[in-house]
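Below is one structure; the comments refer to it alone.
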Amino acid sequence: MRLPFCLLAASALLLSACGALPARTTSESTVAVPQELAGEYDNHAERWNASAGGKQAPSTNAAPAIHHWLTHPGGDRKQLLWRVVLPDTTPVQEARWLLVSEGNGFLPYRPLTAEAEAVFLNPAKNVRIDDKSWAPLNACMLKAAATRNGLAFAADPAACSALLPGIGATAALLPLRFELVNDRLRVVMVADQARGVDAATLSQRVRWFTGWDALNGGGVKASPDNNDWHLRRDLRLHSEGGRVPLKYRDGAASGYSLELARLTYRESNTEVLRLAVIEDASGRMLSYVWADPDARRIGLSLGWLQVGLEVESSARDTRAQ
């Protein structure tokens with residue numbers, strides 16, 4: 001999929017969308033980024049709902065596939081590295097921003113040098129801001145804003161729109177408003193405004209799972225007495241539509257993949273963690289199992305295939321994945 005981003009059109013829409021993004025502030029004291037905000041987020045579930053449960057392609061007005069990495073560099077809660085990727089675009093579109101706590105909100109900076117870009121993939125230390133490496137976007141200041149869910153941060157779209165032509169294509173992925181509700185990150189970006197004044201992307205926090213699979217050499221039609229098992233112990237996929245191909249011991253493709261996804265079935269309003277086996281050639285789901293969405297373990301046994309997955313230790317760094 002290729003998602004067109006027209007910054008001029010988005011700018012015009014922003015001018016009329018000011019009322020949709022209130023920026024009512026709280027106190028004038030310095031606001032620290034909530035600690036729980038750091039993490040990975042993906043909107044696979046939102047896309048799945050927009051496709052009627054995977055039965056059709058999402059509408060042209062649906063949110064694009066999007067993946068966020070939010071990290072406190074060096075553990076500094078007053079700084080937030082904001083990396084966003086649209087994996088289905090051609091070429092893949094990506095943008096990186098640094099949000100710094102100032103007054104009652106956060107001032108976004110855009111990186112100007114390769115050294116500044118590098119901190120998004122290796123954020124071990126606090127970021128030292130200088131005018132050679134970072135450009136402040138003062139007109140796009142994200143101020144604390146009251147919401148029914150507690151607290152959000154929002155920019156004045158009318159003021160921010162004046163900066164967009166000078167930023168380039170990445171301006172389309174600039175956050176204008178965001179809030180975290182439980183493990184769901186709701187973000188309004190510049191590009192979202194082209195879909196309507198209420199448009200936003202809703203992403204869920206990613207959990208990584210690791211584990212093993214045992215694949216019978218006879219494939220899906222393996223006989224019960226076939227003991228040619230191909231064992232692999234390096235499976236790793238995430239909970240928001242993560243997918244890995246199943247392979248034989250020599251590395252040859254089996255023609256099937258595993259997909260792990262946290263989904264909500266509208267008919268019953270039931271949220272589940274689903275582990276599915278996908279036929280690569282057709283995209284058809286061959287079989288699946290469900291578990292509680294907060295489950296730490298999930299597995300399946302189909303006779304010719306066995307899989308066991310467990311939540312990865314939170315100590316592992318996934319920021320550069």
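Because only heavy atoms are used, hydrogens play no part in the values below, and waters and symmetry mates are left out as well, while side chains stay in. Remember, it's a predicted structure, so these values are computed and weren't measured experimentally.
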Legend entry - R296 CZ: over 12 foreign heavy atoms closer than 6.0 Å: no
Legend entry - Minimum heavy-atom distance C160-L176, with the two atoms named: SG-CD2, 3.9 Å
Legend entry - Over 12 non-hydrogen atoms of neighbours within 6.0 angstrom of CG in D130: yes
Inset, instruction - Please report the shortest heavy-atom distance between V92 and P87, naming the atom on each side. - result: CG2-O, 3.7 Å
Legend entry - Electrostatic pair D76-K78, nearest N-O below 4.0 angstrom: no
Inset, instruction - Nearest 0.5 Å please: distance from the OG atom of S101 over to the CD atom of Q79. - result: 9.5 Å
Just list the side-chain donor-acceptor pairs under 3.5 Å for residues 286-295, sequence neighbours left out, or say none.
{"residue": "D292", "atom": "OD1", "partner": "D294", "partner atom": "N", "Å": "2.8"}

Inset, instruction - Just do the ring-ring contact (aromatic ring centres under 6.0 Å, His included) check on W229 and Y248 with the steps written out, would you? - result: CA-CA 9 Å; W229 291 100; Y248 294 108; over 10 Å; no
Legend entry - Side-chain heavy-atom pair L98, I129 within 4.5 angstrom cut-off: yes
Legend entry - T264 side chain near N269 side chain, heavy-atom distance below 4.5 Å: yes
Inset, instruction - Check whether any side-chain heavy atom of R274 lies under 4.5 Å from a side-chain heavy atom of Y265, and answer yes or no. - result: yes
Inset, instruction - Measure centre to centre between the rings of H238 and H44, then say whether the value is under 6.0 Å. - result: no
Inset, instruction - Step through it carefully: locate the ring centre of F120, locate the ring centre of W82, and say whether they are under 6.0 Å apart. - result: no
Legend entry - G105 to M141 - nearest heavy-atom pair and separation: C-CE, 3.6 Å
Inset, instruction - For residues W304 and Y256, establish whether the separation of their ring centroids is below 6.0 Å. - result: yes
Legend entry - D183 side chain near R207 side chain, heavy-atom distance below 4.5 Å: no
Inset, instruction - Only one of E40, H68, H67, E94 passes side-chain hydrogen bond (donor to acceptor under 3.5 Å, both in side chains) with R83; say which it is. - result: E94
